[in-house]
Amino acid sequence: MKAQFFLYGLILMLLLSCAEHQHEVESVNIEARVDSVFQLMTLQEKIGQLIQFSGNEELTGPDSKTPNELELINKIKAGNVGAMLNVVGVANVREIQRMAVEESRLGIPLLFGYDVIHGFKTMFPIPLGETASWEPELAKATAAMAAYEAAASGINWTFAPMVDISRDARWGRVMEGAGEDPFLSGAFSAARVRGFQGEDLADPLTVAACAKHFAGYGYAEGGRDYNTTEINTSTLHNVVLPPFKACVDAGVATVMNAFNLVDGIPATAHAGLQREVLKKQWGFEGFVVSDWNSIGEMVAHGVAENKKHAALLAMTAGSDMDMEGDCYAPHMLELVQEGKINVAEVEDAVRRILRVKFRLGLFDDPYLYCVEEREGNPAMQQQAEALALKAAQKSIVLLKNEKQLLPLKPGQKVGLIGQLADDKDTPLGSWSAHAVEQSAVSLYEGLQQGDHQLSVRYARGPQVFDQNTSFFKPVIFNQDNPVGMEAAIEVARQSDVVVLAMGESRFQSGEARSQMDIGFKGLQLELFEAVRRVNPNVVVVLMNGRPLDLSAIADKAAAILECWHLGSKSGTAIASVLTGEFNPGGKLPISFPRSVGQVPIYYARTNTGRPTGNESVLFSQYIDGRNDALYPFGHGLSYTSFQLDALELSQSEINAQEQIKISVNVTNTGAVAGTEVVQLYIQDVVASSARPVKELKGFKKVWLEAGAAQQVTFEIDAQALAFYTPEGLWKSEPGVFRLWVGNSAVGGLEGQFKLI
Ligand code: NOJ
């Protein structure tokens with residue numbers, strides 16, 4: 001037996017060293033090829049590589065700097081453009097690529113970037129929703145499918161994943177990330193990078209990924225998009241940066257910087273972040289693209305006198321490519337000639353960009369992503385739709401299920417109410433790329449599919465959302481038009497169960513969609529109350545991009561199903577959960593507050609000196625409400641029940657070289673099969689800087705038949721206990737660590753061990 005293990009070990013080592021060797025050979029090869037092109041380039045052509053413009057037909061930011069068509073063509077032919085964004089479709093991409101490779105002096109191919117955030121044609125759940133699956137492999141699969149569809153339309157670079165940690169539901173872009181926790185976000189962000197990029201970037205079915213927004217954009221003060229941030233050093237390193245590090249470790253090709261200030265310095269001009277941490281300490285070899293005009297915006301920030309000064313600050317700090325800023329193009333040459341910018345910095349940026357182009361295979365075939373036969377070819381459509389359904393089902397979180405009202409029972413009369421229930425657009429979510437408008441399966445349609453043996457009657461209720469919305473239009477609500485209320489009440493009265501869809505419309509969350517109030521807009525609460533008065537069996541189906549303040553309905557609704565914006569197969573997925581065909585197993589990736597006044601709220605807070613009051617009121621509290629979340633991070637129910645017991649630790653102490661095994665038994669104690677996510681939280685009890693009361697350090701998703709049990713084991717070593725200390729080092733500190741194994745951030749089986 002031992003000999004066999006030895007042999008396997010040897011073979012594995014050989015394979016690994018071959019793979020490593022191959023990787024090294026490839027890198028050396030790429031570097032040599034980068035050099036060979038680089039040597040031919042004039043300084044002007046080098047600067048050209050740093051420039052990115054948007055296609056004119058589709059914009060994703062204000063005040064576009066894209067020149068008119070003729071000027072753009074001239075710039076491309078002169079080798080003065082390195083990348084485009086928002087140019088989609090093989091014919092469009094091919095034509096622009098042709099100009100670059102066939103009509104410019106050196107024929108360097110362009111990159112074509114696009115925001116492929118949660119699908120390209122087939123929409124998957126918004127990233128926040130998908131994270132509720134607690135299944136990074138699922139995110140990898142949906143990212144791979146999104147890459148496949150995007151690459152078939154000429155795209156070779158996506159501006160995703162967004163890995164900003166956010167703990168503020170007022171910020172509309174929480175929908176785009178993986179929630180509040182750096183560990184969970186790290187796992188999902190890395191999986192998404194692997195999904196987009198595949199094993200080999202030169203595979204024409206994959207695209208280069210971009211971890212964004214580096215860094216701290218999710219900490220916008222007051223949740224107001226683009227606002228400044230207050231992030232202390234510990235939070236920056238222990239919370240904000242780890243998901244980016246996970247992406248770099250996963251081989252992410254590019255990183256996008258951010259609009260916000262960090263410590264008073266725009267992230268775009270932050271050498272400490274870009275040059276020191278990202279490029280030097282983490283060894284990131286790809287390039288940094290600015291966010292849309294984030295270089296030019298430094299003038300408005302009041303740190304740059306003009307665009308030329310902004311270009312100087314950005315390049316000095318390690319921003320390699322200027323997206324839509326028009327700062328590098330007119331000023332970089334001058335800055336180098338005047339000796340203000342070291343040419344080596346420009347050259348480093350150029351090499352980084354060329355490296356990604358080589359890795360994508362564009363120098364071997366610039367039209368690799370321009371295969372007409374693949375575009376519009378429905379070869380993968382069935383798989384994409386099946387995956388969209390699976391992802392949507394796994395993202396649904398059952399927040400509450402009183403009296404086991406769910407699943408619905410055959411023969412029941414169901415009153416389906418709410419504008420969102422018959423909405424084929426909202427489930428597509430913001431950032432829905434090239435999804436066809438109105439193409440999602442609505443909840444109403446979902447309940448009509450299959451043989452559910454339910455009789456469903458639909459009433460819209462008052463109209464809340466203006467249908468005529470888009471990425472660029474402000475969201476308009478109808479605040480007080482009650483037309484439709486009476487009909488809805490009548491349907492509720494005549495039903496056994498009411499399924500009431502509530503939440504947010506498609507563009508209510510997303511970029512620039514910050515809200516002061518995270519409750520329900522329009523007459524949604526009035527509708528809820530009116531319906532409940534005539535029928536207490538109300539199941540609320542939530543469709544939203546951010547945590548909402550659910551306090552007005554939480555006690556009164558009999559059941560609540562969190563369904564986010566679930567993508568193309570939304571209605572089918574929700575119906576399958578409502579009817580019990582699919583047993584929900586999602587868990588919240590972000591805390592749901594009791595009131596917007598608690599925001600920012602997150603489970604991994606540090607303790608105050610007065611965490612509880614005992615007899616006194618002089619402790620850290622609100623006098624008009626509780627401190628804790630309404631639905632905590634990690635929470636989610638199932639149609640079955642699970643019990644955790646028999647917590648065992650392999651030892652009571654470990655040293656820096658050892659590993660502790662933490663096991664528990666999980667049993668499905670209910671009547672149907674289901675999934676549970678077993679979560680491990682740890683607290684470093686005394687440390688040189690205050691550590692969170694709990695931190696997620698592991699999770700395992702298990703599927704168990706009714707009555708079945710399984711042991712789940714976590715392995716923790718000193719590295720997993722390390723944090724960024726006040727001395728500026730990542731290290732673990734000896735002492736006592738408390739731990740909890742549970743099914744949310746609240747409660748769980750408790751233990752402790754010592755690191756010596
Ligand atoms: C601005 C957004 O902040 C960024 O996330 C996006 O990728 C760019 N616009 C390009 O559309």
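Just so you know, ligand 1 is whichever comes first in the structure, and atom 1 is the first atom listed for that ligand. Residues take their numbers from the sequence shown, with the count starting at 1.
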**Study point:** Note, Thr469 side chain near Ile476 side chain (heavy atom, < 4.5 Å)
**Key:** no
Exercise for review: Note the single closest protein heavy atom to atom 4 (C) of ligand 1, along with its residue, its atom name and the distance in Å.
Suggested key: Asp291 OD1, 3.3 Å
Review point. Any N/O of Trp431 closer than 3.5 Å to an N/O of ligand 1?
Key: no
Study note, to complete from the structure: Under 4.0 Å from one or more heavy atoms of Leu85, ligand 1 contributes atoms 10 (C)
Exercise for review: Any atoms of ligand 1 less than 4.0 Å from a non-hydrogen atom of Phe159? List them with their elements.
Suggested key: 7 (O)
Check your understanding: Which of the atoms in ligand 1, numbered in the order shown and given with their element, are less than 4.0 Å from a heavy-atom of Thr60?
Key -> 9 (N), 10 (C), 11 (O)
Review point. Heavy-atom contacts under 4.0 Å between Asn86 and ligand 1: side chain, backbone, both, or neither?
Key: neither
Review point. How would you list, by chain and number, every residue that makes a salt bridge (Lys or Arg N to Asp or Glu O under 4.0 Å) with Lys212, sequence neighbours excluded?
Key: Asp115, Glu176
Check your understanding: If you measure every N/O of Lys212 against every N/O of ligand 1, is any gap under 3.5 Å?
Key -> yes
Review point. Do side-chain atoms of Ser104 reach the backbone of Gly79 as a donor and acceptor pair under 3.5 angstrom?
Key: no
Check your understanding: For Glu230, does the CD atom sit with more than 12 other heavy atoms under 6.0 Å from it, leaving out its own atoms?
Key -> no
Check your understanding: Any idea which part of Met162 is under 4.0 Å from ligand 1, heavy-atom wise: side chain, backbone, both or neither?
Key -> neither
Review point. Between atom CG of Leu59 and atom OG of Ser64, what is the distance when rounded to the nearest 0.5 Å?
Key: 5.0 Å
Check your understanding: Which bit of Arg173 is near ligand 1, meaning a heavy atom under 4.0 Å away: side chain, backbone, both or neither?
Key -> side chain
Practice item. State whether Tyr148 and Arg374 meet the cation-pi test: NZ (Lys) or CZ (Arg) under 6.0 Å from the six-membered ring centroid, and within 45° of the perpendicular axis. Key: yes
Exercise for review: Output yes when the distance from some N or O of ligand 1 to some N or O of Glu176 is under 3.5 Å, and no in every other case.
Suggested key: no
Practice item. Work out whether the distance between some heavy atom of Phe259 and some atom of ligand 1 is less than 4.0 Å. Key: yes
**Study point:** Identity of the nearest option to atom 7 (O) of ligand 1, non-hydrogen atoms only, from Asp225, Asn293, Asp115
**Key:** Asp115
Review point. Has Arg94 got its NZ or CZ under 6.0 Å from the middle of the six-membered ring of Tyr367, at an angle within 45 degrees of the ring axis?
Key: yes
Check your understanding: Quick one: are Asn156 and Phe112 in side-chain contact, heavy atoms under 4.5 Å?
Key -> yes
